[in-house]
Protein chains: 2
Amino acid sequence: MSTFDDRDDTAPTDRLAAGRRRRTTRTGTVLSQELIVQTAIRLLGQPGNDALSVRRLGLALGADPSALYRYFRSTDDLVLAVADELIGMSLKDVRITGDWRADLRGIGTDLHRTYTAHPHVAVLAASRVTRRPNEMRGVEIGLGILRDAGFGPQDAARYYHRFIDFTLGFAAIDAAAHALPTEAGAADRAAWQGTYASLPSDRYPRIAESAPTLARTMSTSAYPGALEVFLDGVQAALDRHGR
Amino acid sequence: MSTFDDRDDTAPTDRLAAGRRRRTTRTGTVLSQELIVQTAIRLLGQPGNDALSVRRLGLALGADPSALYRYFRSTDDLVLAVADELIGMSLKDVRITGDWRADLRGIGTDLHRTYTAHPHVAVLAASRVTRRPNEMRGVEIGLGILRDAGFGPQDAARYYHRFIDFTLGFAAIDAAAHALPTEAGAADRAAWQGTYASLPSDRYPRIAESAPTLARTMSTSAYPGALEVFLDGVQAALDRHGR
DNA sequence: CTCTTATGACAACGTGATTGACGTTAAAAG
DNA sequence: CTTTTAACGTCAATCACGTTGTCATAAGAG
């Protein structure tokens, strides 16, 4: 039963940066988990770099690609570290006010903003469980808000689950839309001003009558509006539970 | 302004299957867009095939991989066709009852079920705009439900956008979780029974008190519950608009 | 100063998407 | 029925990718 959290203690990940031999690469840089994660995020933010690549990451670090495997067991291990860093960036300036609705809105907005601002990173991160410090802090904060709002421990867990997956789901598709290759992304966005705006009203009457609004809104994120709808639903649940 | 829906008319996609020269491959099969899409979905459903690969798809079709480029301009073109097929599968048995809440719940549930049942396909499809028949039918249906519920054309478009991205967002992350390689997926799922269940209650009091519920619920989809929360929010909006 | 070993570099393997050239053959033109 | 045309399947080649095994070397321990 407790074999779940078995991690290979001899694996690179678990060695601390402090005790490392600080050998330099051919180009003089000194590698570390932190530097690799930061470089990966920076690399994924530059235009033209569509996806994370060990080879390009090595190049950006001035090191041989295979050197990364001294710091992360696999690319998946690296991805989890990157994902947790993204959570950390999102949580950097959360302030808990005690107003559950404002607090959830703030956390959701911060998460969504950070993820869509780093779409290529978000695509890798949005659906992962990092089991790392920043994620744990986020769960603790989220549960706390819901507990203080009046939910019991069980309902707090349930509504936290709904809220966080709701938010990360939007982050995932909005980030994926931003992360598409130039051509495909442009075509997807233009669809609502082009294809859907000119569908015949006899076959598609509902689309035709809503076409202007669709053209205006479908290429922007629905998250802010959907979040208010969701929060209204949470409010309804709180009202039902008494209090 | 109307240059948006320019599509290259000489491209393979736009030629109809009817007028095609029906030449056989080396192994005797006769290719078509439809066969390729079906084979791709079948291939992605088989265990061990992590991602779509033109080479494996060619192998499964008994054809040279490069033959696919006679039917789809690029893999992205193929992906859009696959995505639209997935929408078609989801809409196959929708029945409109006139009860907006039941109808939205039905469509959302069907979409989410189909997408998570084909996780590898869903990962490619969830964030795309296919501009193809099945998607158009889905938009028309969705808008119709909201119009009949009492929303005007503008609000119908806005709430459709929120609803569909809400649903596809959940589909995206739930599918991504199912689509992870065996090792990574197992680790992610086990996190809530392992890592999070044994966090110290002094540092993480909220997690500790909710740990049993987290362990029970976090490895299943939050969509059904979140959907009710969302629908409650839509109800609140309808109440606010009068009627 | 010596010894150990962590770690960076290198080379190689298998797999991926994509493209251009080529030849065959089905369909269209007469 | 014959001729023509071009659609389409195949082949070969190119370049990028993740990952592993081997080797040397420099950093730290003694």
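Predicted model, so just to flag it, every value in this text is computed and none were measured. Every chain is numbered from 1, with letters handed out A, B, ... down the list of sequences.
Checked for salt-bridge contact, B:R158 and B:D165 miss the test: no charged N lies under 4.0 Å from a carboxylate O. Classification of B:R128 and B:D76 as a salt-bridged pair holds, one side-chain N sitting under 4.0 Å from a carboxylate O.
Summary of the strand contacts: B:S66 and B:T24 both lie near DNA chain C, and taking for each the nucleotide with the nearest heavy atom, the more 5' one is attributed to B:S66.
In the set C:dG8, D:dT10, C:dT18, C:dG8 carries the atom at the smallest distance from any side-chain atom of A:T25. Closest contact between the side chain of B:R70 and the listed nucleotides D:dT19, C:dA21, C:dT7 involves C:dA21.
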Salt bridge (charged side-chain N to carboxylate O under 4.0 Å, His left out) for A:R132 and A:D77? Distances and angles first, verdict last.
CA-CA 11 Å; A:R132 282 163 179 259; A:D77 197 15; 3.5 Å; yes

From CA spacing to verdict: ring-ring contact (aromatic ring centres under 6.0 Å, His included), B:F166, A:F170
CA-CA 7 Å; B:F166 165 81; A:F170 267 96; 7.0 Å; no

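C:dA6 atom P lies 13 Å from atom OH of A:Y71, rounded to whole Å. Straight-line distance from the CG atom of A:L35 to the C1' atom of C:dG8: 14 Å, rounded to whole Å. Between the P atom of D:dG18 and the CZ atom of A:R73 lies a distance of 18 Å, rounded to the nearest Å. One interatomic measurement links the two molecules: CD of A:E183 to P of C:dT18, which rounds to 11 Å at whole-angstrom precision. Taking atom CZ on B:F72 and atom C1' on C:dT18, their separation rounds to 16 Å, with Å as the unit. Atom OH of B:Y69 is separated from atom P of D:dG9 by 14 Å (rounded to the nearest Å). The CD-P distance, from A:Q33 to C:dG8, rounds to 12 Å in whole Å.
Other residues, nucleotides and ligands place no more than 12 heavy atoms under 6.0 Å from the NE2 atom of B:H178. At most 12 non-hydrogen atoms from other residues, nucleotides or ligands lie less than 6.0 angstrom from CD of A:E183.
Side chain to side chain, A:D174 and A:T116 fail the donor-acceptor criterion of an N or O pair below 3.5 Å.
Taking only distance into account, the side chain of A:R26 never meets the base of C:dG8 through a donor-acceptor pair shorter than 3.5 Å.
Residues from residues 51-65 of chain A placing a heavy atom under 4.0 Å of any atom in DNA chain C, listed by number, are A:A63, A:D64.
One finds no side-chain N or O of B:S74 lying less than 4.0 angstrom from the OP1 or OP2 phosphate oxygen of C:dA17.
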